[in-house]
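Atom set for the values below is all heavy atoms of this structure, side chains included, hydrogens, waters and symmetry mates excluded.
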Amino acid sequence: MGKTEQIDSQYSPKVSPWIEIMDSTLRDGEQTNGVSFLPHEKLVIAKMLLQDINVDRIEVASARVSEGERDAVKMIMRYAERNSMADRIEVLGFVDGNLSIDWIRDCGAHVINLLCKGSYRHCTQQLHKTPQEHFDDIHRVLDYADKTGVAVNLYLEDWSSGMRNNPEYVYSLVDSLRDYNIKRYMLPDTLGIMHPLQVVDYFRKMRHHYPTLHFDFHAHNDYDLAVRN
């Protein structure tokens, strides 16, 4: 994400900062109690987001959740293909061998937001794996994505805790991925623990280590700080 600021007239508009929005209503929204969209409702919301609101990208589902999700993604992709918007549709997928990518391809989608573990605690206590075992699993998914032509953005789940408790794990993870064709590294505050100064501090560290990589920030709103962060 870029920030809005005054740009001197001598600079080209092509290098001006901008804010890119990825809307996750159709994925995160269904984590709200009592909320479950039908496939045709998802299609209506997707059209509004893409055409009326004109967000840059939308995340429309989690792979392999249900047949209803599969139907919804297929409907959205048919609409997106007709309107030259297919590259703006993204699906959350998992480090599960070929399964998520095959599911996404079967739906006609072309972009996976691959969820990996962005903190040492999640890696060792949720997956019960060593960092290297998890990194190897991610590499296999990335190899398959490259082979099948699926574009990859990468979520570092629990990144905020990772940077707070064990930043060397975060750096070693990103170091292991730098040679892969990953368009965006998506840095979430999964537990909603950050305040604005931490966001500045952690992003400066990421930019210092990786000045050429494209980072997204995915803020949670547990303490009503998501927009501010």
**Study point:** Heavy-atom pair with the smallest gap, counting every atom of W103 and R64
**Key:** CE2-N, 3.2 Å
**Study point:** For A61 against V73, the heavy-atom pair lying closest together
**Key:** CB-CG2, 3.5 Å
Study note, to complete from the structure: Looking only at heavy atoms, the pair that brings A226 and A219 closest together is O-CB, 3.7 Å
Review point. Under a 4.5 Å side-chain heavy-atom rule over Ile, Leu, Val, Met, Phe, Trp and Tyr, are Y202 and L173 clustered together?
Key: yes
Review point. So which heavy atom on I21 is nearest to which on D56, and how close?
Key: N-OD2, 2.8 Å
Check your understanding: Given R27, which of E59, E90, E69 fulfils the side-chain hydrogen bond (donor to acceptor under 3.5 Å, both in side chains) condition?
Key -> E59
Exercise for review: State plainly whether one hydrophobic cluster holds both V199 and Y171, where clusters connect Ile, Leu, Val, Met, Phe, Trp and Tyr through side-chain heavy atoms under 4.5 angstrom apart.
Suggested key: yes
Review point. Is the closest side-chain heavy-atom distance between E133 and L127 below 4.5 Å?
Key: no
Exercise for review: State yes or no: do F94 and L156 share one hydrophobic cluster built from I, L, V, M, F, W and Y residues joined by side-chain heavy-atom distances below 4.5 Å, directly or via other members?
Suggested key: no
Practice item. Report yes if the side chains of C107 and V91 come closer than 4.5 Å at any heavy-atom pair, otherwise no. Key: no
Check your understanding: Does a side-chain heavy-atom distance below 4.5 Å link I76 with K42?
Key -> yes
Point to revise | Residue pairs involving residues 190-201 (criterion salt bridge (Lys or Arg N to Asp or Glu O under 4.0 Å); sequence neighbours excluded) | key: D201-K205
Review point. Would you call the rings of F135 and H139 parallel, tilted or perpendicular if under 30° counts as parallel and over 60° as perpendicular?
Key: tilted
Study note, to complete from the structure: To the nearest 0.5 Å, atom OG1 of T148 lies from atom CG of D143 at 10.5 Å
Study note, to complete from the structure: When rounded to the nearest 0.5 Å, the distance separating CG of L43 from CG of D71 is 12.0 Å
Review point. Would you say M48 and T25 make side-chain contact, with heavy atoms under 4.5 Å?
Key: no
Review point. When rounded to the nearest 0.5 angstrom, what distance separates OG in S100 from CD1 in I112?
Key: 5.0 Å
Study note, to complete from the structure: When rounded to the nearest 0.5 Å, the distance separating NE2 of H122 from OG1 of T124 is 9.5 Å
Exercise for review: Determine the minimum heavy-atom distance between A86 and M77, stating which atoms define it.
Suggested key: CB-CE, 3.9 Å
**Study point:** Carboxylate-amine/guanidinium contact R140 D137, below 4.0 Å
**Key:** yes
**Study point:** Close side-chain approach of I138 and Y180, heavy atoms under 4.5 Å
**Key:** no
Exercise for review: Can you measure from OH (Y155) to CG (N113) and round to the nearest 0.5 angstrom?
Suggested key: 5.0 Å
Exercise for review: Decide yes or no on side-chain contact (heavy atoms from CB on, under 4.5 Å) for R204 and H208, but give the supporting numbers first.
Suggested key: CA-CA 6 Å; R204 280 177 176 164; H208 174 74; over 6 Å; no
Practice item. Give the intermediate values and the outcome of side-chain contact (heavy atoms from CB on, under 4.5 Å) for residues M85 and Q51. Key: CA-CA 10 Å; M85 297 177 176; Q51 288 192 320; 4.0 Å; yes
Practice item. Indicate the atoms forming the closest heavy-atom contact of D23 with V55, along with that distance. Key: CB-CG2, 4.3 Å
Review point. Do V227 and M22 belong to the same hydrophobic cluster, where Ile, Leu, Val, Met, Phe, Trp and Tyr are linked whenever their side-chain heavy atoms lie under 4.5 Å apart, directly or via other members?
Key: no
Exercise for review: Could you check whether the rings of W159 and F203 sit parallel, tilted or perpendicular, using 30° and 60° as the cut-offs?
Suggested key: perpendicular
Check your understanding: Are side-chain heavy atoms of S119 and N165 found at a separation under 4.5 Å?
Key -> no
Review point. Side chains of H134 and Q126: is there a donor and an acceptor less than 3.5 Å apart?
Key: no
Check your understanding: So do the side chains of V95 and L114 get within less than 4.5 Å of each other, counting heavy atoms only?
Key -> yes
Check your understanding: Is it the case that more than 12 heavy atoms not belonging to D179 sit under 6.0 Å from its CG atom?
Key -> no
Indicate every side-chain donor-acceptor pair of residues 183-194 with a distance under 3.5 Å to a residue at least two apart or in another chain.
unit_1 : atom_1 : unit_2 : atom_2 : d
R184   : NE     : E20    : OE1    : 3.3
R184   : NH1    : N153   : OD1    : 3.4
R184   : NH2    : E20    : OE2    : 3.1
Y185   : OH     : L177   : O      : 3.4
D189   : OD1    : S160   : OG     : 2.7
D189   : OD1    : G192   : N      : 3.4
D189   : OD1    : I193   : N      : 3.0
D189   : OD2    : I193   : N      : 3.2
D189   : OD2    : M194   : N      : 3.0
T190   : OG1    : D158   : N      : 2.8

Practice item. Take V170 and Y120 through the test side-chain contact (heavy atoms from CB on, under 4.5 Å) and record every step on the way to the result. Key: CA-CA 8 Å; V170 178; Y120 181 80; over 6 Å; no
Review point. Are the side chain of Y79 and the backbone of V44 linked by a donor-acceptor contact shorter than 3.5 Å?
Key: no
Point to revise | Intermediate values then yes/no, side-chain contact (heavy atoms from CB on, under 4.5 Å), V174 and L213 | key: CA-CA 10 Å; V174 178; L213 298 185; 3.7 Å; yes
Practice item. Please examine the side chains of M163 and Q198, heavy atoms only from C-beta on, and report whether any two atoms are closer than 4.5 Å. Key: no
Practice item. May I have all residue pairs that pass salt bridge (Lys or Arg N to Asp or Glu O under 4.0 Å) and include part of residues 111-123, sequence neighbours excluded? Key: K117-E157
